2 protein chains.
Amino acid sequence: MVKKNDNRDFSQIPRVVIKRLFKYHSALENLLSKGTVKVSSKSLSADVHVKASQLRKDLAYCGEFGTRGKGYDVKYLNGKLAEILGLHTEWNYILAGFGHVGHAFVCYEGIFRKGFNVKGIFDIDEKKIGQVFRGIEICDISKMPEIVREHNVQIGVITVPFDSGQSVCDKMIEAGITAILNFAPVLLKPKKSIFIERIDISRELVTLSHYLSHHKE
Amino acid sequence: MVKKNDNRDFSQIPRVVIKRLFKYHSALENLLSKGTVKVSSKSLSADVHVKASQLRKDLAYCGEFGTRGKGYDVKYLNGKLAEILGLHTEWNYILAGFGHVGHAFVCYEGIFRKGFNVKGIFDIDEKKIGQVFRGIEICDISKMPEIVREHNVQIGVITVPFDSGQSVCDKMIEAGITAILNFAPVLLKPKKSIFIERIDISRELVTLSHYLSHHKE
DNA sequence: GAATGTGAACGTTTTCACAGCA
DNA sequence: TGCTGTGAAAACGTTCACATTC
């Protein structure tokens, strides 16, 4: 089964679309585990609560993966999406701030399963430094450049409290990190242009409180 | 200082705008703590990395809070945003799934500071049930309706692993919860129309792996 | 003069509707 | 006939530019 894949520039796909591609991928994984072989845009889109036309438009960013009149081959589409999403590669990350959030992150099942591996954990707490967690020694941040270099680390995860986020970000960039996932309640201003994704739990909670305040029936 | 506030329907504000309003609010808190009294749309918008015109348009959803030629009163605008975001109210929540993520959530500083209070923690693990954490006894899910009723709980936080998310969601709705924050790697299908916000750490990580795969220089 | 508030222009994302293919 | 892939249309969100107000 050969499909055209006309030198598309996957870097131009909007972030919203990427996030939906991941939803499709997850739904396909699920279908795959149930042994489903074929799926239509209608059925797959229903699984992830989007319109069928949107699913098809999203896929159109990437190529042509279906067969008119038939639908999509679950395994083939799943593989293609994994490829586009970079899930066929193993990625290494370091984590700064080994508090509750950092701990939860490292233990989070889904992350390991998707091929993301911790290669370094950093904290400023003297009591934590030197401890070993899941085979990784918790280090002082001064060891960061060495670890990033030695283990070919691309990703930095920031789970420090409050304002130390910025200085950690600076140090990660200096060490050679090119993409950051930021849980710190701070808007990072990177010295160099790199990719930053932020998760702000308070912000999501506030959408709830806004809803509750104004949607009383 | 009296401003018009012409019976606007805050429930119609798009979620993207709400999230930016929260950013403005956070930046204003920061200014307030530094003793700043007045701020212009230009300066405030720069703090949160948006265009001044966007900040003004966002505020236009809510009313008129500034003075032409002068700017905004920091304290006044901050208060108004807090009101719109529902941060002048105390909200009660319950949490299901007291693993790493649940633990991190309950301990997360920002949540408590913003007026969100835990009123119940649930887990299926026999060993955890009966333990007391920060004054809250960890219970079996069967106690949920009682606790929701007694403590006037509006929010449910789902931090269970994998697929038990859906059944927990059902039970929360049955118990009277009207807004859910979902960390489970599952798309919830609520039996009744309620507000659901999802945080998916894997999804955010995947935007990083996509970036790294296709932006090599 | 300075900075807000807003209609109009612009750009992006979603949806529609159907041509094209198995 | 059934379902994909895609232009065209609609909806939505952002930016511009300036009239308005202090």
Side-chain angles (χ1 to χ4, degrees), chain A residues 1-6 8-9 11-24 28 31 36-74 76-78 80-81 84 207, chain B residues 1-6 8-9 11-24 28 31 36-74 76-78 80-81 84 207:
Chain A
M1 193 194 304
V2 179
K3 299 280 172 183
K4 79 171 161 185
N5 189 337
D6 35 12
R8 278 161 206 268
D9 184 357
S11 69
Q12 297 308 305
I13 304 173
R15 274 198 212 191
V16 260
V17 175
I18 296 296
K19 295 192 179 177
R20 281 197 301 268
L21 291 180
F22 177 62
K23 288 189 184 178
Y24 307 146
L28 287 165
L31 290 177
T36 313
V37 172
K38 282 275 176 189
V39 69
S40 70
S41 63
K42 193 176 172 187
S43 147
L44 180 57
S45 65
D47 287 354
V48 301
H49 299 179
V50 307
K51 291 235 155 57
S53 56
Q54 178 152 73
L55 162 54
R56 295 200 300 272
K57 253 289 191 291
D58 288 344
L59 294 181
Y61 277 99
C62 315
E64 296 185 16
F65 305 121
T67 314
R68 292 170 195 223
K70 295 289 181 183
Y72 303 91
D73 181 277
V74 173
Y76 176 77
L77 183 56
N78 188 53
K80 279 296 178 186
L81 289 182
I84 292 157
T207 66
Chain B
M1 193 194 307
V2 179
K3 299 282 170 180
K4 77 170 161 188
N5 189 339
D6 35 11
R8 278 161 206 269
D9 185 357
S11 69
Q12 296 308 306
I13 304 173
R15 275 199 211 191
V16 261
V17 175
I18 295 296
K19 295 191 180 177
R20 281 198 300 268
L21 291 181
F22 177 61
K23 288 189 185 180
Y24 308 146
L28 286 166
L31 290 176
T36 313
V37 173
K38 282 274 177 190
V39 71
S40 69
S41 63
K42 193 176 170 188
S43 147
L44 179 57
S45 64
D47 288 353
V48 300
H49 299 180
V50 306
K51 292 235 154 57
S53 56
Q54 177 151 75
L55 161 55
R56 295 202 300 273
K57 252 290 190 290
D58 288 344
L59 294 182
Y61 276 100
C62 315
E64 296 184 15
F65 305 121
T67 314
R68 291 170 195 223
K70 296 289 180 183
Y72 303 92
D73 181 278
V74 173
Y76 176 78
L77 182 57
N78 188 52
K80 279 294 178 186
L81 290 181
I84 292 157
T207 66

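Computed from a prediction, not measured in an experiment: that's the story for all the values here.
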Task: nucleotides 16-22 of chain D: protein proximity per nucleotide (B base, S sugar-phosphate only, - neither; heavy atom, under 4.0 Å) - done: BB--BBB
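Between A/Leu59 atom CG and D/dT4 atom P the separation is 10 Å, expressed in whole Å. The distance between atom CD1 of B/Ile13 and atom P of D/dT14, rounded to the nearest whole Å, is 14 Å. Note: CD (A/Glu64) to P (C/dG20) measures 14 Å, nearest angstrom. The distance from atom OH of B/Tyr72 to atom C1' of C/dA3 is 8 Å, rounded to the nearest whole Å. Protein atom CG of A/Leu55 is 17 Å distant from nucleotide atom P of C/dT13, rounded to whole Å. Computed from coordinates, the A/Phe65 CZ to C/dA22 C1' distance equals 19 Å when rounded to whole Å. Rounded to an integer number of Å, the gap from A/Lys38 NZ to D/dG2 P is 17 Å. Atom-to-atom, CD of B/Gln54 to P of D/dG13 comes out at 11 Å; the value is rounded to the nearest Å.
Note on A/Arg15: nothing from the nucleic acid sits closer than 4.0 angstrom, heavy atoms only.
B/Ser43 contributes no side-chain N or O that, together with a main-chain N or O of B/Val39, makes up a donor-acceptor pair within less than 3.5 Å.
Applying the side chain to side chain contact (heavy atoms under 4.5 Å, CB included) test to B/Lys51 and every residue at least two apart in sequence or in another chain returns B/Ser53, B/Gln54.
Annotation: the span from B/Leu59 atom CG to B/Leu81 atom CG amounts to 6.5 Å, rounded to 0.5 Å. Between B/Tyr61 atom OH and B/Ile13 atom CD1 the span is 8.5 Å, to the nearest 0.5 Å. Expressed to the nearest 0.5 Å, how far OG1 of B/Thr207 lies from CZ of A/Phe22 amounts to 10.0 Å. Interatomic distance, B/Leu28 CG to B/Thr36 OG1, rounded to the nearest 0.5 Å: 9.5 Å. Between the OH atom of A/Tyr24 and the CG atom of A/Leu44 there is a distance of 7.5 Å, given to the nearest 0.5 Å.
Residues of residues 40-48 of chain A that place a heavy atom closer than 4.0 Å to DNA chain D, in numerical order, are A/Ser40, A/Ser41.
Not one side-chain nitrogen or oxygen of B/Tyr61 sits closer than 4.0 Å to the OP1 or OP2 atom of C/dT6.
With a 4.5 Å cut-off on side-chain heavy atoms, B/Val74 and B/Lys38 do not count as touching.
Distances were taken from every side-chain heavy atom of A/Val16 (C-beta onward) to each of C/dT13, C/dT4, C/dT6; the shortest belongs to C/dT13.
For the side chain to side chain contact (heavy atoms under 4.5 Å, CB included) criterion with A/Tyr72, the lone passing option out of A/Val37, A/Asn78, A/Leu77 is A/Leu77.
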